Amino acid sequence: MPVVPAKSSPDLLGNPAIGQGIRMFPHQATRITVLSGGMGGAKFVQGLLHGIDRGTLPAVAPDAEVTVIANTADDLWIHGLKVCPDLDTLMYTLGDGIDPERGWGRREETWSAKTELERYGVEPTWFGLGDRDIATHLVRTQMLESGYPLSEVTTALCRRWQPGVHLVPMSDDRVETHVAIADADQASGKRVIHFQEYWVRLRAEVPAEALVFVGLDQTTPAPGVLEAIADADLVIVPPSNPVVSVGTILGVPGIREALRTTAAPVVGVSPIVGDTHVRGMAHQMLTAIGVEVTATAVARHYGARSGGGVLDGWLVDESDAHQVASVEAAGIACAAVPLMMIDHEATASMAAAAIGLVRPL
Ligand code: GDP
Ligand code: CA
């Protein structure tokens, strides 16, 4: 796919030097690929689909197809069931089955199975498996145990949910994010727990001292993942957790390289607003890997494609407008717009602004 040289578009950023090496797509985008975690990514994709549907996204075809590559490093086995929180949040949100209050799990959920398990004294009790949700995990586990890879299982589950996107796990291989926390009772002074225990049981209230991505460097991308990046007209990094959602996707061997080499521009949206995480635990995760909790630091952590990183463009919140220059100084096109995903309309505007950074002239 031809790439419009940045020097032919000096007006884009008002500074031709900043535009150097930044890719544009030269025609209407028909294939958009998103690298997503759970809640932040799912909400963003909802807004993106809304914008495509309403025709409010610049240079995006009305029939554009969206592929979502989902983080699977949050996955866990619990009570003999394989649970994939980010895949499920995406599937339920986009398939209109999500509980809108909690932002995870099924709407109109009941909790009889959880209560019964507690009465047996079975641990762990901190992970909420709702009755409706359990059906998903039963289907998934049965299929996995019959030999189907997670990507095929996901396709099968999506036949019911019709999420309106191609939903693909980052890998069919098992990966688990573990978190080291201080524990005075241990000889080492530390204890390593599954990410879900850190987030759900401890509510990320204690510092994460280190992160271990068990199995990540041994994984291969799921079928279709590298193609979805290579063949895209546009790749979007939504405001997902930069460490335990997007960071783990980028850690699957081959994915970072595919992003570096795709002809499509790669634009991102900051999950950090006003130097803090909007929700979730991105602040703890960034601190654990030594990255400052600012929109600029996250952009620099991803890096400019012109410097071997993955980003051509980066959106920061309007309250972080003073950071635009420092992002641009890193070789990444940048703009400041409202970044709170309060409704589909607001989120579609964010998507439009992200695309505006790399749209054809
Ligand atoms: P998770 O897997 O459910 O934690 O979801 P993601 O990794 O996809 O996204 C979580 C991150 O989204 C949070 O850490 C926040 O930083 C970010 N986030 C959530 N809501 C918003 C929002 O309205 N605007 C922005 N800019 N970021 C948000
Ligand atoms: Ca997640």
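Treat the numbers as computed from the prediction; the structure is a model and nothing was measured. Counting starts at 1 for both ligands and their atoms, following the listed order.
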- Tell me, which N, O or S atom in D74 is closest to the Ca ion (ligand 2)? OD2
- Query: Nearest protein heavy atom to atom 13 (C) of ligand 1, by residue and atom, and its distance?
  - Reply: R279 O, 3.0 Å
- Message: If the threshold is 4.0 Å, N to carboxylate O, is there a salt bridge linking R106 and E108?
- Response: no
- Message: Would you call the rings of W314 and Y302 parallel, tilted or perpendicular, taking 30° and 60° as the class edges?
- Response: perpendicular
- Task: Kindly indicate whether the side chain of V179, heavy atoms from C-beta on, has any atom under 4.5 Å from the side chain of L202.
- Result: no
- Do any heavy atoms of S270 fall under 4.0 Å from ligand 1? yes
- Identity of the nearest option to atom 28 (C) of ligand 1, non-hydrogen atoms only, from T276, V278, L286, L315: V278
- Is D88 paired with R140 through a side-chain N to carboxylate O contact shorter than 4.0 Å? yes
- Task: Report, in ascending order of atom number, the atoms of ligand 1 lying under 4.0 Å from any heavy atom of L339.
- Result: 22 (C), 23 (O), 24 (N), 25 (C), 26 (N)
- Within 6.0 angstrom of Y148 OH, more than 12 heavy atoms from elsewhere: no
- Message: Only heavy atoms of S240, strictly under 4.0 Å: list the atoms of ligand 1 that pass.
- Response: 6 (P), 7 (O), 8 (O), 9 (O)
- ILVMFWY cluster, W199 and I193 together (side-chain gap under 4.5 Å): yes
- Query: Do the ring planes of W161 and Y92 sit parallel (below 30°), tilted (30 to 60°) or perpendicular (above 60°)?
  - Reply: perpendicular
- Any T89 heavy atom less than 4.0 Å from ligand 1: no
- G40 N/O to ligand 1 N/O under 3.5 Å: yes
- Message: In this structure, would L138 and L76 fall into the same cluster of hydrophobic residues linked by side-chain contacts under 4.5 Å?
- Response: yes
- Query: Against heavy atoms of G41, which atoms of ligand 1 measure under 4.0 Å?
  - Reply: 8 (O)
- Task: Flag M341 as yes when one of its N or O atoms lies below 3.5 Å from any N or O atom of ligand 1, and as no otherwise.
- Result: yes
- Quick one: does ligand 1 sit under 4.0 Å from the side chain of N241, the backbone, both or neither, non-hydrogen atoms only? both
- Which heavy atom of the protein is the closest neighbour of atom 5 (O) of ligand 1, given with residue, atom name and distance? M39 N, 3.0 Å
- Which atom, counting only N, O or S, brings D86 closest to the Ca ion (ligand 2)? OD1
- Message: With heavy-atom distances below 4.0 Å as the criterion, list the atoms of ligand 1 near D86.
- Response: 2 (O)
- Does ligand 1 have a heavy atom under 4.0 Å from the side chain of S245, from its backbone, from both, or from neither? side chain
- In terms of its nearest heavy atom to atom 4 (O) of ligand 1, the top option of M350, M340, M281 is M281
- Query: Is D317 close to V337 at the side-chain level, that is, under 4.5 Å between some pair of heavy atoms?
  - Reply: no
- Message: Regarding atom 12 (O) of ligand 1: of the candidates P338, P239, P242, G103, which has the closest heavy atom?
- Response: P239
- Query: Is the closest N or O pair between V269 and ligand 1 shorter than 3.5 Å?
  - Reply: no
- Query: V273 to ligand 1: N or O pair under 3.5 Å?
  - Reply: no
